[in-house]
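Taking it in order: structure first as structure tokens, then the write-up.
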Amino acid sequence: MAYWLMKSEPAEVSIDDLAARKVVPWFGVRNYQARNFMRDAMQVGDLAFFYHSSCAAPGIAGICEVCAPAHPDDTQFDPASPYFDPKSTPDKPRWLCVDVKFVQKTRLVSLTELRRQPALDTMQLLQRGSRLSITPVSDAEWQFITRELM
DNA sequence: GCCAACGTTGGC
DNA sequence: GCCAACGTTGGC
């Protein structure tokens, strides 16, 4: 079992949206590293911090669980979607997504608060220039955040 | 809106 | 395969 951090713009899918919908496909990832995490490393049952990005109050807003393995991301085939990829075809899909289900909403653990913790110095999210939308979280980082900051 | 950092594209 | 130009991310 592994831990992850997954960024979502709350204007698109917030933790409240996930709570209401219960399960959502993690559509819209258009970065190969993040895609490969979903395809090669994520397992059903893995837990992830649900992170609000590109918003007024960036930070961890809840916890979700991977509930379906990687499958083609439908939005790549939809010309009306901002995630449309004309170079991808249904028989050879380029972009994949896992499904995640709601586990719980937490208090908002802000990015500045995360940065303040020496215990989280090596967390991938907090590294200089880091902008991957899916990053691994170590056991120690997960335990620290859930026990000390939530 | 700015801009640093990083990723992708495409000509050569 | 190199690398300049361009695009994107995402915090501020």
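Residue numbers begin at 1 in each chain, while the letters A, B, ... track the order of the sequences.
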request  = Write down the distance between OH (A/Tyr32) and C1' (C/dT8), rounded to a whole number of angstrom.
outcome  = 14 Å

note = Only residue of A/Leu96, A/Asp99, A/Val44 satisfying side-chain contact (heavy atoms from CB on, under 4.5 Å) with A/Pro69 is A/Val44

inquiry  = Using side-chain contact (heavy atoms from CB on, under 4.5 Å), reason through A/Val98 and A/Met6 one step at a time and then give a plain yes or no.
reply    = CA-CA 11 Å; A/Val98 297; A/Met6 302 174 78; 4.2 Å; yes

Sidechain-backbone polar pair: A/Ser88 side chain, A/Gln76 backbone, donor-acceptor under 3.5 Å = no

ask   = Separation of A/Ile60 atom CD1 from C/dG11 atom P, in whole Å?
value = 12 Å

key: Main-chain N/O of A/Tyr83 paired with A/Thr75 side-chain donor or acceptor, under 3.5 Å   = no

remark   = Between CD of A/Glu12 and P of C/dT8 the distance, given in whole Å, is 15 Å

ask   = Any Lys/Arg nitrogen of A/Arg30 or A/Asp73 sitting under 4.0 Å from an Asp/Glu carboxylate oxygen of the other?
value = yes

query = Under a 4.0 Å heavy-atom cut-off, which of residues 129-138 of chain A touch DNA chain C?
reply = A/Arg131

ask   = Separation of A/Leu126 atom CG from C/dG11 atom P, in whole Å?
value = 11 Å

request  = Using a heavy-atom cut-off of under 4.0 Å over every strand shown, decide if A/Glu9 touches base, sugar-phosphate, or nothing.
outcome  = nothing

message = Under the criterion ring-ring contact (aromatic ring centres under 6.0 Å, His included), I'd like the reasoning laid out for A/Trp26 against A/Phe50: C-alpha separation, chi angles, the key distance, then a yes or no.
response = CA-CA 11 Å; A/Trp26 205 260; A/Phe50 190 106; 5.6 Å; yes

query = Are any of A/Lys7's side-chain N or O atoms less than 4.0 Å away from OP1 or OP2 of C/dG10?
reply = yes

query = B/dT9 P sits how many Å from A/Asp85 CG, rounded?
reply = 9 Å

Nearest-angstrom distance from the residue atom CZ of A/Arg30 to C1' of C/dG10 = 18 Å

task = Verify, without hydrogens or angle tests, whether A/Thr146 (side chain) and A/Gln143 (backbone) share a donor-acceptor contact under 3.5 angstrom.
result = yes

ask   = When the distance from CD of A/Glu113 to P of C/dG11 is rounded to whole Å, what number comes out?
value = 15 Å

Atom-pair distance (CG on A/Leu114; P on C/dG10), nearest Å = 15 Å

note = Of B/dG7, B/dT9, C/dG11, the nucleotide closest to the side chain of A/Asn31 is B/dG7

